[in-house]
2 protein chains.
Amino acid sequence: MTTTAAPTSLRRRAGNGTTRRNEADEIGLDALVGHAGYAVRRFQIWIFQDFIKTLGEVDIRPTQYSVLTVIGANPGLSQMAVAKRLGIERARLVHLLDSLEGRKLVKRIKSKSDRRSHALHLTAQGETALAKFKRLAAEHERHVEEKIGKANRERLLQILAGFT
Amino acid sequence: MTTTAAPTSLRRRAGNGTTRRNEADEIGLDALVGHAGYAVRRFQIWIFQDFIKTLGEVDIRPTQYSVLTVIGANPGLSQMAVAKRLGIERARLVHLLDSLEGRKLVKRIKSKSDRRSHALHLTAQGETALAKFKRLAAEHERHVEEKIGKANRERLLQILAGFT
DNA sequence: GAAGATTGTTGTTGACGACAACAATTGGCT
DNA sequence: AGCCAATTGTTGTCGTCAACAACAATCTTC
């Protein structure tokens with residue numbers, strides 16, 4: 001073994017010519033910092049990841065949760081109505097419902113008044129499951145509070161209330 | 001505040017399958033209204049669509065804009081550094097740069113100090129183009145102001161500053 | 001010099017938004 | 001009554017995006 005004499009371990013790369021930043025982020029964002037969209041995008045990624053993780057044990061993603069919630073609060077809605085209300089493509093909702101119906105959380109009932117459409121309902125199993133999902137979602141919401149502060153979360157909801 | 005853990009919103013319209021709402025959206029969202037993630041998701045969709053539309057004439061999407069901005073403000077960065085700073089997968093950045101380089105806005109220069117990495121720079125054409133993009137992006141930002149209000153936009157940026 | 005880490009790259013998977021097309025059905029209009 | 005337009009659910013395609021996995025070339029470290 002060579003008796004190494006190099007004790008330093010300074011973490012600089014130095015020497016070279018190419019902008020080798022110390023390490024971390026002294027990298028400027030320039031115009032980006034003034035853009036709401038950028039901040040919102042980063043925040044949304046964070047919030048979704050936390051949601052997915054917090055509801056991981058029940059394997060429910062944000063979109064699934066929103067569908068279940070709306071159906072639970074408005075039994076009998078058509079797929080069209082749910083899609084429109086949530087801003088989801090009705091084509092996409094088909095797959096979402098296929099999945100949820102496969103898990104026995106939701107059932108499609110043929111409407112008698114309009115034989116084209118389906119009336120959406122939670123199954124009994126779906127009701128109790130949704131109750132649990134809501135508890136976990138509330139836990140996720142507390143994570144958000146911890147992250148940005150209780151007052152800020154309230155303010156955020158208020159500012160964006162128009163988009164719900 | 002998410003009151004108690006018993007969000008019993010009784011509006012059971014059950015019975016048959018046909019709960020034919022008048023027309024529009026008197027459809028309740030129930031628990032969803034208390035979730036920051038839902039509002040943020042809807043807002044983000046809106047804001048991205050406006051960005052894409054406003055920068056449509058130059059065919060620049062939000063992610064491309066963020067990449068150009070960061071490279072413009074920090075010439076010589078490696079792909080790894082840019083990816084890390086923007087929270088993009090480095091695999092994804094490859095395609096983004098392929099596109100931007102194909103449009104002669106960015107160039108990858110082989111680093112001499114580390115022959116694995118590329119130093120990223122804007123081309124002359126990229127510089128002038130970015131200036132235009134920034135003007136259009138500012139216009140988009142004004143749309144955001146019109147939508148949620150000037151003060152609210154500021155507050156939003158402040159609340160989410162930690163995620164940039 | 002060998003072992004391990006990093007960088008750029010390619011490829012795959014899955015969620016998601018946007019569209020287009022289609023059959024079945026309903027509603028409007030004459 | 002009959003016909004045409006619109007609606008509903010469905011299937012399919014395309015492009016964006018995040019998350020991984022694997023790989024060759026190259027650095028770092030011992």
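Below, chains carry the letters A, B, ... as their sequence lines are ordered, and counting in each starts from 1.
- Applying the salt bridge (Lys or Arg N to Asp or Glu O under 4.0 Å) test to pairs two or more places apart or on separate chains, none has a residue in residues 38-55 of chain A.
- With sequence neighbours excluded, no residue forms a side chain to side chain contact (heavy atoms under 4.5 Å, CB included) with B:Glu154.
- Summarising the geometry, the separation between CG on A:Leu86 and C1' on C:dG17 is reported as 14 Å, rounded to the nearest angstrom.
- If you take CG of A:Asp59 and C1' of C:dA15, they are 13 Å apart, rounded to a whole angstrom.
- Within the structure, the ring-ring contact (aromatic ring centres under 6.0 Å, His included) test picks out the following pairs touching residues 140-164 of chain A (sequence neighbours left out): A:Phe51-A:His140, A:Phe163-B:Phe43, A:Phe163-B:Trp46.
- Looking at the side chain of B:Gln79, the nearest of the listed nucleotides D:dT11, C:dT9, D:dC27 is C:dT9.
- Closest approach to the B:Arg115 side chain among D:dT26, C:dT9, D:dT11 is made by D:dT26 (side chain taken as heavy atoms from C-beta onward).
- One interatomic measurement links the two molecules: NZ of A:Lys84 to P of D:dG9, which rounds to 10 Å at whole-angstrom precision.
- Atom pair B:Leu77:CG and C:dT7:C1' shows a separation of 14 Å (rounding to whole Å applied).
- Legend: side chain to side chain donor-acceptor pair (under 3.5 Å) pairs involving residues 99-110 of chain B, not counting sequence neighbours, sorted by first then second residue: B:Gln79-B:Arg108, B:Asp98-B:Arg108, B:Glu101-B:Arg108.
- Legend: ring-ring contact (aromatic ring centres under 6.0 Å, His included) pairs involving residues 74-95 of chain A, not counting sequence neighbours: none detected.
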### Query
Can you give one letter per nucleotide of nucleotides 16-24 of chain D, 5' to 3': B if a protein heavy atom sits under 4.0 Å from the base, S if only from the sugar-phosphate, - if neither?
SSSBB-B--
## Note on the structure
Readout for nucleotides 2-7 of chain D: B = base within 4.0 Å of protein heavy atom, S = sugar-phosphate only, - = neither; 5' to 3' it is ----BB
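- For B:Trp46 and C:dG17, the CH2 to P distance is 18 Å, given to the nearest whole Å.
- The hydrophobic side chain of B:Leu157 is isolated, with no ILVMFWY side chain under 4.5 Å apart from it.
- Using a 4.5 Å heavy-atom threshold, the side chains of A:His118 and A:Leu97 count as separate.
- Rounded to whole Å, atom C1' of C:dC16 lies 13 Å from atom CG of A:Leu93.
- Using a 4.5 Å heavy-atom cutoff, the side chains of A:Leu68 and A:Ile60 are in contact.
- The salt bridge (Lys or Arg N to Asp or Glu O under 4.0 Å) analysis of residues 88-97 of chain B, with sequence neighbours excluded, yields no pairs.
- In this entry the distance linking CZ of B:Phe51 with P of C:dG17 reads 20 Å, nearest Å.
- Per the geometry, NZ belonging to A:Lys112 stands 16 Å off P belonging to C:dT25, to the nearest Å.
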